[in-house]
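Worksheet: the structure to be examined is printed underneath.
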Amino acid sequence: MKHSPIFSGVFALLVFTASSFGEARAVGLPGPAFPKFQTAAEVKAACASGLASAKKRLAALERRKLDTGWLAAFDDYYAHQEDVQYPIEFVLNVHPDKAVREAAQACAMAWSEYNTSFGQNEKIYRALKSAPTPTALDRELQRVNLGSFEDAGVALPPAKRKQAKTILVRLAELDQKFSQNLRDAGVKVSFSEAEMKGVPEGVWAKAPRDEQGRIVLGVDYPSSGPVIQMAEDPAARERMWRAKNSEGGDANLKVLDEITQLRREYAKLFGYSNYVDFNLRRRMAKDSATAWKFLNEVKSQVSEREVADMAQLRAAKAQHLGTPVEATQLQAWDSAFYGERLRQAKFSVDQEAFREYFPAQESLQFAMRVIERLMGVKYTRVTADLWHPEAQAYAVSDSASGKPLATLYVDLFPREAKYNHAAVWPLRSSATRIGRTPTAALVVNFNRKGLTLGEVETLLHELGHAVHNNLSNTHYALQGGTSVMMDFVEAPSQMLEDWVYDKKVLQLMAEVCPSCKPVPEALVDKAVAAKEFGKGSQYGRQHLFASYDLALHGPEHQQPLPLWAKMQGATPQGYVEGSKFPAGFAHVAGGYGAGYYGYLWSLVVAMDLRTAFAADKLSPETGLRYRNSVLGQGGQKPAPELVRDFLGRASNAQAFSEYLNR
Ligand SMILES: [Zn+2]
């Protein structure tokens with residue numbers, strides 16, 4: 001699952017002090033240099049001084065006169081918090097030193113507590129409510145942030161407000177506990193070398209061995225994915241699949257149960273019977289009825305394809321094993337394996353074959369060139385002292401005027417204890433009123449031998465999030481970049497994903513790497529055809545995740561595992577006795593709870609946005625219009641208006657529907 005930690009609104013802040021940014025600016029980067037954090041003591045000191053200065057600034061804001069400058073002062077307060085909190089929460093995920101990460105973790109908890117209290121700060125709430133708002137931007141900022149305060153319980157009667165705070169504190173602890181159970185469980189699975197037949201050596205050759213000399217693998221994606229997808233031995237696949245699908249175990253099922261009950265209680269404090277309606281009221285979907293209606297429409301369009309996909313996979317298994325189809329059962333750990341085999345047999349496309357055409361560093365330059373061409377910007381690599389010697393820094397500037405716009409950090413390769421998926425951390429938001437330039441960090445884990453086409457797609461998706469932050473041109477930091485509705489935030493990234501299947505776009509690779517062999521067109525054609533195959537299973541699965549999440553947060557209390565067994569049991573794949581998928585479903589325990597449908601929802605919007613680029617995916621005119629009317633606006637307007645401004649009409653699901661049915 002590709003997703004990025006996106007922090008929006010005043011309470012979801014991460015944040016650094018001015019002092020930890022230091023005097024020394026990296027030459028050529030707009031904005032401050034990245035704080036270095038060599039030791040845990042430095043993190044602790046920065047954390048303490050950051051919290052102390054936030055408190056001091058808060059006290060000053062509470063006393064401040066309510067004039068036309070109040071919103072700017074409120075925004076200054078937020079911007080300072082970004083500077084002191086976000087880099088610490090970021091290094092928690094990438095720093096090579098364990099002690100530094102642990103200090104950062106403690107700091108994240110301290111900020112979480114601080115923010116829960118801030119959410120119930122009546123003085124600030126009342127001031128925000130009566131602050132002068134002469135412009136439309138002011139009114140939108142006021143509307144959105146009053147909503148955040150109200151969601152935190154500030155406007156409730158005192159007894160309920162107290163209950164709300166208790167619940168929020170407990171929910172933050174439980175969310176941490178859920179992730180910690182996953183991290184600390186350190187689930188390992190052992191395999192003989194023979195069992196690794198079919199799995200690329202890069203996955204296991206350097207892995208540690210147990211006393212019997214067996215290969216010991218974790219269940220992290222870079223290890224579990226290839227084993228489940230490529231191990232020829234079904235018992236090996238099953239062992240890894242079961243380990244991966246029970247991660248978190250009974251402990252996390254209990255945590256998740258408590259989380260969903262607390263969320264329901266929380267929604268009831270506000271007069272809602274369920275958490276979905278409470279949670280969606282400020283999003284594009286607005287309420288649970290609309291979200292369910294949307295999911296049911298998706299379901300009606302993918303059901304048949306999903307059944308057909310399963311039948312093909314089952315036939316492939318029967319053929320492979322030489323068994324009659326009727327007597328062949330397709331197990332959960334067979335789907336990815338036979339999916340890959342079918343893709344290779346039908347389309348003779350081997351994703352591994354792409355690596356020689358897409359060296360990692362050149363692929364990054366290629367993705368940047370796409371953005372440069374489309375959006376009228378320029379990336380310049382700059383020397384900077386960062387959290388790891390392999391991390392890179394780029395200055396982003398406007399190509400027409402040469403004006404410095406933003407900073408981008410990139411961390412491309414895997415290493416011990418680094419965040420092991422792909423994500424973007426917005427570290428700093430734009431604010432034109434004070435000349436504040438935005439900063440984002442892009443973190444991925446690519447193979448040093450090069451990228452598959454699927455990974456180039458991931459890279460462009462993540463760069464899409466970074467660009468959303470970097471090209472934001474908002475007056476207030478509070479409205480910068482990715483501070484948009486949660487069910488819209490993935491759309492700009494999802495939109496760019498299919499750029500990598502466009503031959504004109506792929507030709508840009510030759511510009512950034514004249515010595516690279518051009519990827520053969522036939523290979524790309526095959527990849528495009530292969531992508532079509534398996535659409536039914538892919539969206540069927542997304543539909544299951546999204547509807548499970550909504551059902552779990554509905555009006556009735558549901559035990560996480562029995563509900564999952566029932567819902568997965570009703571799909572063509574069926575439920576595997578003994579598996580505990582919800583125990584590892586961190587999205588639902590964390591910020592995506594009652595919001596997972598947002599991935600599908602924003603994909604519909606993304607496909608609609610793509611229609612404007614149908615004639616030319618590199619059109620600088622359309623790209624610039626998109627940069628100005630969508631990316632540049634950040635959260636200055638509600639998402640449906642941004643889309644309407646760009647497309648000249650309201651968003652609809654026609655493009656998505658055509659894609660599913662073609
Ligand atoms: Zn994403």
Side-chain angles (χ1 to χ4, degrees), residues 1-9 12 14 86 89-90 93-94 221-222 225 283-285 363-364 367-368 370-371 374-375 408-412 418-427 429 438-446 451-472 480-501 531 538-539 541-542 545-546 549 585-588 590-593 595-610 626 630-631 634-635 639 642-643 656:
M1 180 53 48
K2 283 169 267 180
H3 99 277
S4 61
I6 293 299
F7 311 100
S8 55
L14 300 176
Y86 284 24
E89 294 203 1
F90 173 61
N93 292 280
V94 293
Y221 179 72
R283 299 188 186 185
M284 288 180 86
S363 297
L364 173 64
M368 287 174 166
V370 172
I371 302 299
L374 198 55
M375 319 252 183
L408 173 65
Y409 300 124
V410 180
D411 193 342
L412 282 183
K418 178 182 150 182
Y419 176 81
N420 65 14
H421 291 268
V424 165
W425 275 261
L427 297 174
S429 301
T439 300
L442 185 158
V443 178
V444 285
N445 289 275
F446 288 141
L451 277 58
T452 65
L453 203 56
E455 286 163 350
V456 181
E457 184 184 329
T458 300
L459 179 58
L460 210 53
H461 173 105
E462 298 306 336
L463 190 59
H465 285 307
V467 165
H468 201 176
N469 162 278
N470 279 177
L471 299 190
S472 152
T482 48
S483 311
V484 293
M485 289 173 169
M486 279 281 283
D487 48 8
F488 175 71
V489 78
E490 290 295 327
S493 289
Q494 289 169 322
M495 183 190 89
L496 286 170
E497 284 171 9
D498 84 338
W499 260 240
V500 304
Y501 299 95
K531 219 171 125 65
Q538 186 192 345
Y539 291 107
R541 197 162 168 77
Q542 284 295 308
F545 290 160
D549 172 41
F585 200 1
H587 286 84
V588 169
Y592 276 74
Y596 196 90
Y597 77 94
Y599 280 109
L600 275 172
W601 183 281
S602 57
L603 183 64
V604 170
V605 178
M607 289 194 178
D608 200 13
L609 291 172
R610 262 179 216 164
Y626 176 72
V630 180
L631 301 179
L642 299 177
V643 178
F656 182 63

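Atoms within a ligand are numbered from 1 in the order they appear, just like the ligands themselves.
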Do Asp487 and Tyr597 pair up side chain to side chain, a donor and an acceptor below 3.5 Å, judged on atom types alone?
yes
Out of curiosity, Leu642 CG to Leu609 CG, how far, rounded to the nearest 0.5 Å?
9.5 Å
With Phe585 via ring pair (Phe, Tyr, Trp, His ring centres under 6.0 Å) - residues at least two apart:
Phe545, Phe581, Tyr596
Taking side chain to side chain contact (heavy atoms under 4.5 Å, CB included) as the definition, give me every residue that meets it alongside Asp411, ordered by chain and number, with sequence neighbours left out.
Val94, Trp387, Arg415, Lys418, Val443
Apex the Zn ion (ligand 1) - arms NE2 from His461 and NE2 from His465 - angle rounded to 10°:
100°
Looking only at N, O or S atoms, find the one in Glu490 nearest to the Zn ion (ligand 1) and name it.
OE1
Measure from the Zn ion (ligand 1) to each N, O or S atom of Glu462 and report whether any distance is below 2.8 Å.
no
